[in-house]
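Just follow the structure's listing: the first ligand is 1, and inside any ligand the first atom is 1. Worth saying up front: this structure is predicted, and the values here are computed from it rather than measured.
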Amino acid sequence: MTDPDLRARLFRFVDTFPALAGPADVVEHLRGEFAGAAAPWWLRAGLALGDVPGGRRVTTAVARRSIDRMARQFVIGTEPEEVAEAVGGMWASGSAATVDLLGEHTHSDAEAARYATRLAALVDALGAASNRWAPRPVLEHDDIGPVPRASVSVKVSALSPVLHPLTAGRGVEQAQTLLLPILERAAALGVSVWFDMERYEEKALTQALFRRLLERPELDMLHGGIVLQGYLRDAADDLEALARWATGRRIPPAVRLVKGAYWDTETVEAAARGWDPPVHLDKGATDAAFEELADALHSYHGTLRAAFATHNLRSLAAAVVDGRRRAVPDTGYELQLLYGMAEPVHVAVRQAGFRLRVYAPMGELIPGMAYLVRRLLENTANESFVRHRFAEGESLDKLLAPPMPAKAPGRGPETNGHRRPHPGDLAPYRPEPPAQWHLPAVIEEIAMAVEAEFGRAPRQVRASRGSAGLALSSVDPADPEVVVAHAAVCDEASVHAMVDAAAAASGAWRARPMAERAAVLLRAAAALRARRAELLALVVREVGKPWADADAEVCEAVDYCEYYARRALELDAGGAVQSPPGEDNLLRYRGRGVCAVIAPWNFPLAIPLGMTAAALVTGNTVVLKPAEQSPAVAGELVRILLESGLPEDVLQLAPGAGETGAALVDHPAVDVIAFTGSREVGLAIVERAGRRDDRRGSVVRVVAEMGGKNAVVVDDDADLDQVVPAVVASAFGFAGQKCSAASRLVLTDRIHDAALERVTEAVRALVVGPPRRPDTQVGPVIDAEAHARLTGALQRASSVGTVQLARHDLPEVGWFVGPTVVTDVDPTSWLATDELFGPVLAVFGVPDFAAGLRLADDSPYALTAGVFTRSAHHVRMAAEVLHAGNLYVNRAITGAVVGRQPFGGNRLSGVGSKAGGPDYLLQFCDPQVVSENTVRQGFAATVHHTPTR
Ligand code: NAD
């Protein structure tokens, strides 16, 4: 406990332990986890023992015994009756309890129902047992009235797989349906129910559910409680709102004030997404807030029932002192402590005559311990009173000193990614923060924009040159009768006219200073930000992308502009070459000339914008051919770039179908082709561009990003709580129409059945519907052709595998394809090898991880791949074996962020260096080295004549 590094490693090991099978596995993980750590002698001895015959078994037995002992310390029991008995024993010795069910995260309706069943059994067992307990006046009365003897604590997120801000309506409804009968039982049996508070994102939903349920007349007599997390900066507002709501209620609701157990998650997530963290950033501020909130909570005595839950004696004492000052009797509230932790504090609280309630987790011992450790792990960074006092033996005086909030206010808006940089004074690149859906104002703004967009008359998207008629229509894939845009179809003549104009404009544009071109991108980024909601809505409508995915796409578009602008300025400073005395060498990068950008529909904003921005900023002129399915988005992005200060003819739009793209590829004045799309078209372009044509002025460079058949390999020791949501999001996000989507899932035999069942059930719970609605998780596929192709494939799927799940509960209108999971897929079949580009997941069983990697890599594609493993050795092995351009470990395989996960594939998935990465711009440049002799008549002049950079 005193060594933070060792503690973290031990926790990680305990977390993995339930997933390990044999002694060899245990020893390998111990070694992986403790290699290079300053492990204590007994651990080192155990690891050495692993080498002697039978030694592995000994080491494993020791590990199991230790974890078992630890579990018995912190987990009260496994079965409801056993738990009820243990709680009865605690009651006899003077402590009340509230029991919390440990268990897996909920990703399916089946898991939610299972949790509800366990909860109901627990309520019944506690209710029945508590009748038999001897009277304990302190524990069952306060100055307001009777207090139930028994109590449970509920994790609301366990009651619905869709309890998230965008799916709030459904999530709250589902949790309510499951909870209502349980709460009725609890009210009848005299069991109190606390609603635990988890992550900030779900806070408002938990509060809403709590109120909705308690307002029901049949729950009039329920003793309900809710948690208030002191580390949240908006906790005081929440408390006030709660007190207002509770005024006049027959049974005052209880509020358990805690500090909060998700500090690491909240701060890490906020930092990664560029959000202001919702929590106080230092422990002193949290402790101070706790004391203020404790006092405020006492001030509502009678309206609310207070409970103070912390192991920090100073915080507990502050709550007691404030209570006395406000003349609340000592039994007018309760103090809560964790089961098995800091026992001397339990004794002291009881002896001082307070009502002590112990928060007691229940579950299977070894897996239960793992779940518990996961929660403890959350909190290791937050300094702990228990550790200071009991492990490090710090003096009481020091520990009882008043909390001292740090002076610095922490991350303000300045560092929050919103600063508008300008050339010469550029803040470091920071990805655009995604929408905070848990803020009501954010959802409202997007909802308004979406409704406005869906009410709009068709747009008209014209070509930059020529008089091509508006012969093309894009439609709403969820309602194909509705036209989103009428667009031009450029013929060969108009394409040629555009390329000629682009060629003519090229010299002047290339001669502009790089900083000037970078400034165009920065202005475009600002315009994209300003029109964020409107662009998001257009993406939702024209290609049927769900809100959160569309939001991520607008962010990505902003990121390309911000990132490439900075990268261009770095390139402008010249390459790394040496200049000896008397010689000045400069490696500079210049635009190649005319760039043809040919884009797909699946990222209709970010992908064409990224390719176009890279070409423009390096000094190329661009003719953009967007996908025929998404001309309206392309029209907007071209407008934004032009309005950001591009001279005439530097960027031109050539809407049309494949023939328009082909005409562009064939024009001899094109110097670079930036293509993203299917393998068929990509390879055809590479071939056409490589053909000899004596009219061409340069060897055409083709940057082609193509398809994938991306696999996720799940190891024996993987954490299925992590696997299930990541795989489902990767395979079915945007209906499987991301190039990075997971379309193959490879499971080792040991976890095959458990993983398959959980994934399948999670797919069953996905909300399929029109993307216009915020709660849609899977929308339609792009067009009639894709719909026909996919439905045909699904009809044939049973000839090459077993259809485990095929969703048929689809909207009647629109190109919907039901999310489908196919198992036992023949690895040589089309389902295993062809990119289907839809909501279809093929599942394979393999004996072990190594075989899984071989299967995953056996593909002509190599775009993205994922592995789930907790073995350090296996992570290295995966990176070695897999050729994928982007390999993700223990996370989703979609959602690459510019500047963090430069994106692009190998083999037949792509040629060129990665989009959103440091090398990308080089592909649009001709490098030039200028070497000048600076010695004149023996005199080493210091005057440089090298060209402007
Ligand atoms: P697509 O290949 O059908 O079309 C892409 C673009 O090429 C469109 O603008 C199309 O009109 C144009 N085109 C078609 N025929 C042409 C021809 N003969 N000459 C020139 N241009 C032609 O692809 P799509 O359906 O729009 O997009 C889906 C595909 O894109 C999937 O295979 C997906 O994996 C891939 N993709 C790859 C990435 C990546 O970064 N690797 C990103 C997104 C999409």
Side-chain angles (χ1 to χ4, degrees), residues 472 474 477 487 489-490 492 495 542-543 545 549 553 556 560 596-612 623-631 633-634 653-667 670 673-689 700 702-710 734-743 781-783 785-786 789-790 834-838 859-864 884-886 893-896 898 901-917 920:
L472 191 78
S474 71
V489 176
C490 295
E492 197 175 334
V495 168
E542 193 170 41
V543 301
K545 201 173 261 204
D549 288 315
E553 179 167 357
E556 187 180 345
Y560 280 127
V597 172
I598 301 175
W601 51 266
N602 66 335
F603 284 82
L605 179 68
I607 288 183
L609 185 76
M611 295 191 286
T612 303
V623 179
L624 164 62
K625 207 303 275 177
E628 49 273 41
Q629 295 88 345
S630 56
V633 178
L653 179 64
E659 295 72 31
T660 306
L664 197 48
V665 168
D666 288 342
H667 194 293
V670 167
I673 300 169
F675 168 81
T676 306
S678 64
R679 179 174 75 173
E680 290 326 303
V681 176
L683 294 182
I685 289 177
V686 169
E687 189 192 341
R688 281 175 98 119
V700 185
V702 181
V703 180
E705 299 293 346
M706 298 173 283
K709 185 74 184 177
N710 312 307
F734 190 31
Q737 302 174 106
K738 297 178 189 176
C739 46
S740 51
S743 53
V781 298
I782 186 69
D783 56 18
E785 193 192 319
R789 178 170 45 79
L790 285 159
D834 299 357
E835 183 186 48
L836 290 179
F837 226 56
S859 166
Y861 292 110
L863 187 51
T864 63
N886 289 71
I893 68 168
T894 52
V898 171
Q901 291 96 15
F903 188 81
N906 302 319
R907 287 188 177 151
L908 293 179
S909 286
V911 51
S913 39
K914 289 164 174 294
Y920 189 71

With a 3.5 Å cut-off and no angle check, do the side chains of Gln629 and Ser474 form a donor-acceptor pair? no
Tell me every residue that passes side chain to side chain donor-acceptor pair (under 3.5 Å) with Lys738, counting only those two or more places apart in sequence or in another chain. Asp549
Min side-chain heavy-atom separation Val681-Met706 under 4.5 Å: no
With the threshold set at 4.0 Å, does a side-chain nitrogen-carboxylate oxygen contact exist between Asp666 and Arg688? yes
Which is it for Asn602 and Lys545 under the side-chain hydrogen bond (donor to acceptor under 3.5 Å, both in side chains) test, yes or no, and what are the steps along the way? CA-CA 9 Å; Asn602 66 335; Lys545 201 173 261 204; over 6 Å; no
Run the numbers on Val665 and Val670 for side-chain contact (heavy atoms from CB on, under 4.5 Å), then give the verdict. CA-CA 7 Å; Val665 168; Val670 167; over 6 Å; no
First-shell residues of ligand 1 [heavy atom, distance under 4.0 Å]: Ile598, Ala599, Pro600, Trp601, Asn602, Ile607, Lys625, Pro626, Ala627, Glu628, Ala657, Gly658, Gly661, Ala662, Phe675, Thr676, Gly677, Ser678, Val681, Ile685, Glu705, Met706, Gly707, Cys739, Glu835, Phe837, Leu863, Phe903
